[in-house]
Peer 1: 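One structure is given below, represented as C-alpha cells, and several questions about it will come after.
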2 protein chains.
Amino acid sequence: MAAEVDTALRFSLDLKSGVPYYKQVILQVEMAIVDGRLENGDQLPTVRSLAVALKINPNTVARAYNELEIRGIVNTQQGTGTFISNKKIELSEVEKERILAELTRPYLSNARAYGFSLEELIKHLQSMAG
Amino acid sequence: MAAEVDTALRFSLDLKSGVPYYKQVILQVEMAIVDGRLENGDQLPTVRSLAVALKINPNTVARAYNELEIRGIVNTQQGTGTFISNKKIELSEVEKERILAELTRPYLSNARAYGFSLEELIKHLQSMAG
DNA sequence: TATATTGTACTAATACTTTAATACAATAAG
DNA sequence: CTTATTGTATTAAAGTATTAGTACAATATA
C-alpha cells in the first residue's frame with residue numbers, strides 16, 4: 001500500500017502488486033458497495049479528486065469508472081459526477097450461465113485431476129456453505 | 001472454428017475469437033477432463049502432434065501444457081509425454097481434504113460474490129459433469 | 001549404442017495493455 | 001452569461017503478452 005485517499009472510502013493503491021491501477025479502483029468500488037460504504041445513489045469521488053489523491057492520471061480513474069458503467073454498477077454524467085447506479089442490476093440468464101460455467105469449469109477439472117468425485121465435491125460444498 | 005484435431009479429443013481453435021491459442025488449449029483440456037474424454041493417467045496429444053494438427057508453434061502448445069502442470073492438472077516428462085495427473089494414489093486423506101478445501105473455497109466465494117446460490121452451483125456441477 | 005520421440009530454451013517480431021500529458025466538452029452554480 | 005466543476009478525447013510512451021523460428025536436451029526403444 002502506498003497512496004491513500006483521505007475520505008470515508010479510504011481508497012488506496014498497492015503500487016507493487018502488479019495489478020493495474022484502474023483494476024484496483026474497480027475492485028475497491030465493488031468492495032465499498034459490498035460492505036455498505038457506498039449505496040445506491042451515492043456519488044463516487046470525482047475523477048480529478050481521486051486522481052490527485054491516488055497520485056495517478058485522471059484518465060486512469062476515468063477508465064475504472066467507465067468499466068464500472070459498462071458493468072452497470074455506476075452512472076456517469078459529465079459536469080455532474082459518477083454515482084452508484086440506482087437501478088438493480090439483473091444479469092440475463094445467458095450471462096449468468098456463462099459466468100457460472102467459467103467459474104465451474106476450472107474448479108471441476110482441477111478437482112477431477114485430483115481424483116475427487118462429483119459426490120465428494122457436492123458434499124464438501126454443502127459443508128462449507130452450510 | 002478453423003483448425004481441428006483428428007482425434008477422439010477433437011481439439012480445435014477459434015482463430016477469430018481473440019482468445020489466445022494457448023488459453024484455448026488449456027480450456028479444451030479442462031473441458032475434456034470435465035466431460036470424461038480425458039481421465040487420470042491419460043496421455044495428452046504430444047506437443048508436436050497437437051501443434052501440427054492445430055497449425056501452431058510447438059511452443060504455444062508447450063506453454064498451455066506448462067500452465068496446466070503449474071495448476072497440477074497434468075504431469076509432463078521429457079521424452080515420455082504429458083499425462084493427466086493421477087495424484088489420488090499419492091495423497092493422504094488429510095492432504096486430500098486440505099486440497100479440496102483450497103479448491104472449493106475460492107470457487108464458493110467467487111460464485112457467492114456473483115450472487116449464485118448453493119443450489120445453483122450444485123445443479124450446474126451436475127449438469128457439467130454429466 | 002543409435003535413433004526416434006518427447007518436451008525445453010532462447011530469441012525476436014508483433015500486438016495489446018496500461019498509463020500519462022495535454023487539450024477539449026458538458027453541466028452546474030453564481 | 002461567466003466561471004468553476006465534472007467527465008472525455010487524442011496521442012504517445014513504456015511495458016507486457018502472445019506467437020513463431022530455430023536449435024537444444026532428455027527419455028524411450030530397437
Side-chain angles (χ1 to χ4, degrees), chain A residues 2-3 5 7 9 11-29 38 41-85, chain B residues 2-3 5 7 9 11-29 38 41-85:
Chain A
V5 177
T7 162
L9 293 172
F11 285 170
S12 64
L13 293 181
D14 184 337
L15 276 49
K16 296 186 296 183
S17 69
V19 178
Y21 296 163
Y22 80 96
K23 283 186 181 168
Q24 294 190 40
V25 171
I26 290 172
L27 211 64
Q28 302 209 11
V29 171
L38 284 174
D42 284 354
Q43 179 170 15
L44 274 66
T46 68
V47 162
R48 266 175 189 68
S49 68
L50 189 53
V52 168
L54 296 178
K55 300 192 175 77
I56 58 179
N57 192 278
N59 278 328
T60 304
V61 177
R63 177 171 181 180
Y65 285 6
N66 276 324
E67 289 217 11
L68 286 165
E69 173 142 57
I70 289 170
R71 298 186 198 176
I73 293 177
V74 305
N75 287 322
T76 272
Q77 202 168 24
Q78 193 163 337
T80 307
T82 303
F83 302 82
I84 302 298
S85 165
Chain B
V5 177
T7 160
L9 293 174
F11 285 169
S12 65
L13 292 181
D14 185 336
L15 276 49
K16 297 187 295 185
S17 70
V19 179
Y21 297 162
Y22 80 95
K23 282 186 182 170
Q24 294 191 40
V25 171
I26 290 172
L27 213 64
Q28 302 209 13
V29 171
L38 284 174
D42 283 355
Q43 180 169 14
L44 274 67
T46 69
V47 162
R48 266 176 189 69
S49 69
L50 189 53
V52 168
L54 297 178
K55 299 192 176 77
I56 59 178
N57 192 277
N59 277 329
T60 304
V61 177
R63 177 170 181 180
Y65 285 6
N66 276 323
E67 289 217 10
L68 287 166
E69 172 141 57
I70 289 170
R71 300 186 197 176
I73 293 177
V74 305
N75 288 128
T76 271
Q77 203 166 23
Q78 193 162 336
T80 307
T82 302
F83 301 82
I84 303 298
S85 74

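Letters A, B, ... mirror the listed sequences (proteins, then strands); counts begin at 1.
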Peer 1: Which value, rounded to the nearest 0.5 Å, describes the distance between B/Leu27 atom CG and B/Asp14 atom CG?
Peer 2: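 These two atoms lie 11.5 Å from each other.
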Peer 1: Counting only side-chain heavy atoms from C-beta out, which of C/dG7, C/dA20, D/dT8 sits nearest to A/Thr76?
Peer 2: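 Looking only at side-chain atoms, A/Thr76 lies closest to D/dT8.
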Peer 1: Starting from the C-alpha separation in whole Å, work towards a yes-or-no answer on side chain to side chain contact (heavy atoms under 4.5 Å, CB included) for A/Asn59 and A/Tyr22.
Peer 2: CA-CA 9 Å; A/Asn59 278 328; A/Tyr22 80 96; over 6 Å; no
Peer 1: Distance check, rounded to the nearest 0.5 Å: A/Leu9 atom CG versus A/Leu38 atom CG?
Peer 2: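 So the CG of A/Leu9 and the CG of A/Leu38 are separated by 5.0 Å.
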Peer 1: Which of the following nucleotides, D/dG7, D/dA25, D/dT18, is nearest to the side chain of B/Gln78?
Peer 2: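 Closest of the options to the side chain of B/Gln78: D/dA25.
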Peer 1: Counting only side-chain heavy atoms from C-beta out, which of C/dT22, D/dG21, D/dT19 sits nearest to B/Asn57?
Peer 2: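 For the B/Asn57 side chain, the nearest candidate turns out to be D/dG21.
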Peer 1: Assess whether one donor atom and one acceptor atom, taken from the side chain of A/Asn59 and the base of D/dT10, lie less than 3.5 Å apart.
Peer 2: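 Per atom types, the contact qualifies.
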Peer 1: Taking OP1 and OP2 of D/dT5, is either one under 4.0 Å from a side-chain nitrogen or oxygen of A/Thr46?
Peer 2: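 Answer is no, no contact under 4.0 Å.
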Peer 1: Ignoring the backbone of A/Ile56, work out which of C/dA20, C/dG7, D/dA28 is nearest its side chain.
Peer 2: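 Output: C/dA20.
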Peer 1: Identify which nucleotide among C/dA28, D/dT27, C/dA20 has an atom closest to any side-chain atom of B/Gln77, counting heavy atoms from C-beta outward.
Peer 2: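 Side chain of B/Gln77 sits closest to D/dT27.
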Peer 1: Which nucleotide sits closest to the side chain of B/Arg63: D/dT19, D/dG7, C/dT8?
Peer 2: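 Within the option list, the nearest is D/dT19.
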Peer 1: Determine, stepwise, if the pair B/Leu54 / B/Tyr21 fulfils side chain to side chain contact (heavy atoms under 4.5 Å, CB included).
Peer 2: CA-CA 9 Å; B/Leu54 297 178; B/Tyr21 297 162; over 6 Å; no
Peer 1: Please state whether the phosphate of C/dA20, meaning OP1 or OP2, lies under 4.0 angstrom from any side-chain nitrogen or oxygen of A/Thr60.
Peer 2: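 Yes, within the criterion.
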